[in-house]
A.B. asks: 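Got a structure here, written out as structure tokens. Questions coming.
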Amino acid sequence: MGDQVPPSQPDPAGDTRPTSLRRSVAELGRLFARQLFDLQMRELLTTRMLPIIYGLAIGFAALLTVYWIAWGFGQSWTMGVAWLLVIGPALFVAVVTAIRVFLEFVMTVFRIALFLESLGGQIESIAGQTEEIAEDLPRIQFWRSRKRD
């Protein structure tokens, strides 16, 4: 009736995740390593890494904020409270927002590149078809003036 969770089989390392999840995580690891060391760069890895990069950036922004709050308390109690209640949260939100905007820009550039690549393939196939059609059509020269009597 409801969603059933796949059975878990513990492995010798004590991993209790479902077998299919363990297998998919291992496959993703192998895929990541293969793409990371692909010297010809046939596949894009950057777009798959963006969620990880974003998560690390949020963690870095949190650590940076905690550091500045601690610095504020080291200066004075008033400065620490200001950093804790106002400046720190504003700094955190500003840094995370800037990182998010930058990563979305990167993702947009990659999407545009992929779109242009697919569009180029479509243009090549259309170009071959239009040349065949143009050969079969009679020439219409509407820009020439009519023959004078």
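Please read all numbers here as calculations on a predicted model, not as lab measurements.
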A.B. asks: Side-chain contact, heavy-atom cut-off 4.5 Å: Y54 with V96?
C.D. replies: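 Heavy-atom side-chain distance check passes, below 4.5 Å.
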
A.B. asks: Which value, rounded to the nearest 0.5 Å, describes the distance between R48 atom CZ and L36 atom CG?
C.D. replies: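 CG of L36 is found 12.5 Å from CZ of R48.
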
A.B. asks: Looking at CD1 of I53 and CZ of F102, how far apart are the two atoms once the value is rounded to the nearest 0.5 Å?
C.D. replies: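 Output value for this atom pair is 9.0 Å.
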
A.B. asks: Are L103 and V101 grouped together when hydrophobic residues (ILVMFWY) are joined by side-chain heavy atoms under 4.5 angstrom apart?
C.D. replies: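 No, L103 and V101 fall in different hydrophobic clusters.
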
A.B. asks: Taking the six-membered ring for Trp, are W83 and W71 parallel (under 30°), tilted (30 to 60°) or perpendicular (over 60°)?
C.D. replies: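 W83 vs W71 ring planes: perpendicular.
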
A.B. asks: How long is the straight-line distance from CH2 of W68 back to CG of L63, given to the nearest 0.5 Å?
C.D. replies: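 Between L63 CG and W68 CH2, I get 14.0 Å after rounding to 0.5 Å.
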
A.B. asks: Verify the cluster assignment for Y67 and I99: are they in a single hydrophobic cluster under the rule of side-chain heavy atoms below 4.5 Å apart?
C.D. replies: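 Yes, one cluster joins them.
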
A.B. asks: Could you report the tightest heavy-atom contact between F92 and I58, atom names first, then the distance?
C.D. replies: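 Closest approach of F92 to I58: CE1-O, 3.8 Å.
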
A.B. asks: Measuring only between side-chain heavy atoms, which start at C-beta, is R30 closer than 4.5 Å to R34?
C.D. replies: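 R30 vs R34: side chains apart.
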
A.B. asks: Out of curiosity, T65 OG1 to I87 CD1, how far, rounded to the nearest 0.5 Å?
C.D. replies: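 Atom-to-atom, T65:OG1 and I87:CD1 are 11.5 Å apart.
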
A.B. asks: If you round to the nearest 0.5 Å, how far is CE of M107 from CD1 of I112?
C.D. replies: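 Here the rounded value is 12.0 Å.
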
A.B. asks: Let me check something: do M49 and V109 share a hydrophobic cluster, defined by ILVMFWY side-chain heavy atoms less than 4.5 Å apart, either directly or through other members?
C.D. replies: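 As far as the 4.5 Å side-chain criterion goes, V109 and M49 are not connected within one cluster.
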
A.B. asks: Taking a hydrophobic cluster as the set of Ile, Leu, Val, Met, Phe, Trp and Tyr residues connected by side-chain heavy atoms closer than 4.5 Å, whether directly or through intermediates, do V66 and I69 fall within one such cluster?
C.D. replies: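 Not linked; separate clusters.
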
A.B. asks: State the CZ-OG1 distance between F73 and T78, to the nearest 0.5 angstrom.
C.D. replies: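 If we round to the nearest 0.5 Å, F73:CZ and T78:OG1 are 9.5 Å apart.
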
A.B. asks: Do you reckon L56 sits in the same ILVMFWY cluster as V95, going by side-chain contacts under 4.5 Å, direct or chained?
C.D. replies: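 The answer is no; the residues belong to distinct hydrophobic clusters.
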
